[in-house]
Novice: 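Here it is, the structure, as structure tokens.
The analysis underlying the following values was restricted to heavy atoms, covering all of them including side chains, and did not include hydrogens, waters or symmetry mates.
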Amino acid sequence: MTSQLVQSVDWLTIAPPVLTAAVALAVLVADLFLPPERKRLLGWTAIGGLTAALALLVPLRAGDRSTFCLTPDTRVTACSYTADHFTLVVQLLVLGGALLTALLSLDETRERLPAGEYWFLLLSSAAGAALLPASRDLATLVVALEVASLPAFALVGLKRGDRMSGEAALKFFLSSVTATAVTLLGASFVYATTGTLHLTEIAQRLDDVPGQFQTLAEAGVALTLVGFAFKTAAVPFHFWVPDTYVGAPLPVAAYLSVVGKAVGFTGLILVTVVAFPSYADVWGPALAVLAALTMTAGNVAALRQSSTRAWSAVRLLAWSSVAQAGYLLVPVAAAAYSGNDQIGATVAYALMYAVVNLGAFAVVALVARVRPRNRIEDYRGLYAASPAAALALAFFLLNLAGLPPGIIGLFAKVTVFSAAVDAGLGWLAVVMALNVVIALYYYLRWTALLFRTPEGAPGEALEDAPEGARESSVALRRPSAPITLAIALTTAAGAVLSGYPQFALRFAANSLF
């Protein structure tokens, strides 16, 4: 009995999220003592901490470590924290996404946002996001989910005095709290019927639930899945996305679109594939329907965005992220029919999406410096004002559309499509193909606008722009070094993956737990 109460702790295994959390506390304390003119050091400290956390993934690359286990022998007992290949790939994604977000945020914290609070909240959320893929029991999973989510509420509403920011934070908070409540209720039902919180043990005991508890177990599984559907912004739990992205600071919107989505999908994969495989006949069809509804609703809403509407560029990216969530759901649903190997397609697609979507938001942040209302129309003639920024944005949009030269975008979509076909979900593959065609229109419309002849911007848009930006439709300020670096890194990563797309799939295939 005593041996079951002693848990082993491997500090190297838990080093990436622990270091990120430690740097968050250090930044918060340092903010109390630094004078205002030196607050910029906090941002570089955060960037250094995230870089170090990424470096700590290298000694764990074998993917064979676990900790917080009930007995010293990790091979024969359930562990609460597992650093397998799946964990490491998702940690690479979320910490890399947080690092790029930090680069985009340096100018914002210098000009508009309180530096100490911002960096503490961003690093705290990143620590929770890095903890979640390693979680192998429901308690740790829910705690990690909330550690990733709670700071994000404050990040969204950090633009003090901005009504839209406060409204966005409230909508995000209410939807996320609802999701958490539903998830906790489902988890409590699962614990009541199985008597354990470890995911692998839940999978074993759900196969042998007494008849009188069968309904309770089914309700627990269903409620847990509904809770994570909120987190992934799947239809009909997506209503908070566009207003939240518009009201949040642009770097925070970029963070939510990539890291927030990765958190939701990681949790969904863990509870379905690891904890609830015996209920695959329930969650498989449900996720397939959710995937079809989500990609269709996201693409149709993005298609209807007016190019002259204020903040239409951010709204289009928001609805696009909803559609991309639908594509990401396809391999998870396929795993119910043809095994866990399909999860590799979701991981590969998530890697592609993270790179190009963060790159797109980086260019949007650059244009927002002179066009605060960020209309799609404000991008007319961007190539004439800044050829490099226009070419980078065109590359990112074509990747999201799945068109050359964005080979990685095409490759990722083909991989997801193949997962649906291999699982016998032909109808879902057809729905996905139709949605890809719909998405081509709004991605190509925006891309074409970048290369059109510059025209005078609408009067209202010109009033928003600084004095030096009134000469043409898009006259950009000289980009700062952090934004330039973020665009360069995402462009380089997208180009490498497009030149060698098999790397993404091999990397993802090796991530399977």
Novice: Give the intermediate values and the outcome of side-chain contact (heavy atoms from CB on, under 4.5 Å) for residues Ser188 and Leu185.
Specialist: CA-CA 5 Å; Ser188 66; Leu185 183 60; 4.0 Å; yes
Novice: Under 3.5 Å, which donor-acceptor pairs do the side chains of residues 141-150 form with other protein atoms, sequence neighbours left out?
Specialist:
residue: Glu146; atom: OE1; partner: Thr180; partner atom: OG1; Å: 3.4
residue: Glu146; atom: OE2; partner: Thr180; partner atom: OG1; Å: 2.6
residue: Ser149; atom: OG; partner: Leu145; partner atom: O; Å: 2.8
residue: Ser149; atom: OG; partner: Lys231; partner atom: NZ; Å: 3.4

Novice: Examine distances only and state if a side-chain atom of Thr490 and a backbone atom of Val356 form a donor-acceptor pair shorter than 3.5 Å.
Specialist: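 Looks like no, no N/O pair under 3.5 Å.
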Novice: If I take atom OG1 from residue Thr101 and atom CG from residue Leu106, how far apart are they, to the nearest 0.5 angstrom?
Specialist: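 CG of Leu106 is found 11.5 Å from OG1 of Thr101.
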Novice: So, the side chain of Thr294 versus the backbone of Ala325: is there a donor-acceptor pair under 3.5 Å, distance only?
Specialist: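 Side chain of Thr294 to backbone of Ala325, a donor-acceptor pair under 3.5 Å: no, none is there.
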Novice: List in chain and number order the residues that pass salt bridge (Lys or Arg N to Asp or Glu O under 4.0 Å) with Asp422, two or more places apart in sequence or in another chain; answer none if no residue qualifies.
Specialist: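 Not a single residue meets the salt bridge (Lys or Arg N to Asp or Glu O under 4.0 Å) criterion with Asp422.
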Novice: Looking only at heavy atoms, which two atoms of Gly116 and Val27 are closest? And how far apart?
Specialist: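 Looking at all heavy atoms of both residues, the shortest contact is O-CG1, 4.2 Å.
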Novice: Does a side-chain heavy-atom distance below 4.5 Å link Arg136 with Cys79?
Specialist: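 No, too far: nothing below the 4.5 Å cut-off.
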Novice: List the steps and the verdict of side-chain contact (heavy atoms from CB on, under 4.5 Å) for Ile47 and Thr51.
Specialist: CA-CA 6 Å; Ile47 289 173; Thr51 304; 4.2 Å; yes
Novice: Could you tell me the separation between the NE2 atom of His238 and the CG atom of Leu290, rounded to the nearest 0.5 Å?
Specialist: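 The distance works out to 11.5 Å.
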Novice: If we only count heavy atoms from C-beta on, is the Thr140 to Asp137 side-chain gap below 4.5 Å?
Specialist: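 A side-chain contact under 4.5 Å exists here.
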Novice: Can you tell me how far CG of Leu489 sits from CG of Leu99, rounded to the nearest 0.5 angstrom?
Specialist: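 Nearest 0.5 Å value for the CG-CG distance: 8.0 Å.
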Novice: Would you check if Met164 and Trp311 make a side-chain contact, meaning some heavy-atom pair closer than 4.5 Å?
Specialist: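 Touching, per the 4.5 Å side-chain cut-off.
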Novice: Roughly how far, to the nearest 0.5 Å, is the OG1 atom of Thr82 from the CZ atom of Phe68?
Specialist: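 Going from CZ on Phe68 over to OG1 on Thr82, the span is 11.5 Å.
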Novice: Does Glu201 use its side chain to pair, donor to acceptor, with the backbone of Thr196 at less than 3.5 Å?
Specialist: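 Looks like no, no N/O pair under 3.5 Å.
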Novice: Any carboxylate oxygen within less than 4.0 angstrom of a Lys/Arg side-chain nitrogen, looking at Arg65 and Asp84?
Specialist: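 No, no charged N to carboxylate O under 4.0 Å.
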Novice: Using side-chain heavy atoms (C-beta onward) and a distance below 4.5 Å, is Ile202 in contact with Phe276?
Specialist: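 They are in contact (side-chain heavy atoms under 4.5 Å apart), so the answer is yes.
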Novice: Counting only heavy atoms not in Tyr337 (residues, nucleotides, ligands), do more than 12 fall under 6.0 Å from its OH?
Specialist: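 Enclosed.
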Novice: Quick one: closest heavy-atom pair of Leu123 and Thr20, and the distance?
Specialist: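 What the structure gives for the nearest pair is O-CG2, 3.3 Å.
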Novice: side-chain contact (heavy atoms from CB on, under 4.5 Å) for Glu218 and Phe189? Distances and angles first, verdict last.
Specialist: CA-CA 9 Å; Glu218 293 172 353; Phe189 287 175; over 6 Å; no
Novice: Below 4.5 Å, heavy atoms only, C-beta onward: do Leu25 and Val29 meet side chain to side chain?
Specialist: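 Contact flag for Leu25/Val29 side chains = no.
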Novice: Let's go through Thr194 and Phe213 carefully: what are the C-alpha distance in whole Å and the side-chain angles of both, what is the deciding distance for side-chain contact (heavy atoms from CB on, under 4.5 Å) to 0.1 Å, and is it a yes or a no?
Specialist: CA-CA 9 Å; Thr194 61; Phe213 294 134; over 6 Å; no
Novice: Other residues, nucleotides and ligands only: do more than 12 of their heavy atoms fall within 6.0 Å of CG on Asp281?
Specialist: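 Yes, because the 6.0 Å sphere around CG of Asp281 holds more than 12 heavy atoms from other groups.
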Novice: Which heavy atom in Lys159 sits nearest to a heavy atom in Gly247, and how many Å separate them?
Specialist: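 Of all heavy-atom pairs spanning Lys159 and Gly247, the closest is CE-O, 3.1 Å.
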Novice: Is any side-chain heavy atom of Leu270 less than 4.5 Å from a side-chain heavy atom of Phe86?
Specialist: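 Sidechains of Phe86 and Leu270: in contact.
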Novice: Return the CG to CZ distance between Leu174 and Phe239, rounded to the nearest 0.5 Å.
Specialist: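 Rounded to the nearest 0.5 Å, the CG-CZ separation comes out at 8.0 Å.
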Novice: Would you tell me whether Gln324 and Tyr349 have side-chain atoms, one donor and one acceptor, within less than 3.5 Å of each other?
Specialist: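 On atom types as modelled, these side chains qualify, holding a pair under 3.5 Å.
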Novice: May I ask you to decide if Ala179's main-chain N or O and Thr183's side chain share a donor-acceptor pair within less than 3.5 Å?
Specialist: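 Between the backbone of Ala179 and the side chain of Thr183 there is a qualifying donor-acceptor contact (under 3.5 Å).
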Novice: As an exercise, state the distance from CG of Leu92 to OG1 of Thr87, rounded to the nearest 0.5 Å.
Specialist: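 Here the interatomic distance stands at 12.5 Å.
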Novice: Taking the side chain from Ser175 and the backbone from Phe237, do they hold a donor-acceptor pair closer than 3.5 Å?
Specialist: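 Such a contact is absent between Ser175 side chain and Phe237 backbone.
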Novice: If you take all heavy atoms of Pro285 and Ala280, which pair is closest and at what distance?
Specialist: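 Here Pro285 and Ala280 meet closest at CD-O, 3.7 Å.
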Novice: Less than 4.5 Å apart, any side-chain heavy atom of Thr109 and any of Trp119?
Specialist: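 Heavy-atom side-chain distance check passes, below 4.5 Å.
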Novice: Can you find a side-chain donor-acceptor pair between Lys261 and Tyr353 that sits under 3.5 Å?
Specialist: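 Short answer, no.
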Novice: Parallel under 30°, tilted from 30 to 60°, perpendicular over 60°: which one fits the rings of Trp240 and Phe172?
Specialist: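 Correct class here is parallel.
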Novice: Compare all side-chain heavy atoms of Ser257 with those of Phe361 and state whether any distance is below 4.5 angstrom.
Specialist: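 A side-chain contact exists here, since the closest heavy-atom pair is under 4.5 Å.
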Novice: Taking all atoms of both residues into account, what is the closest heavy-atom pair of Leu104 and Pro251, and its distance?
Specialist: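 Looking at all heavy atoms of both residues, the shortest contact is O-CG, 3.7 Å.
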Novice: Please give me the minimum heavy-atom distance between Ala493 and Val355, naming the atom from each residue.
Specialist: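 Of all heavy-atom pairs spanning Ala493 and Val355, the closest is CB-CG1, 3.8 Å.
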Novice: Ser125 and Tyr255: side-chain donor and acceptor closer than 3.5 Å?
Specialist: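 Yes, Tyr255 and Ser125 have a side-chain donor paired with an acceptor closer than 3.5 Å.
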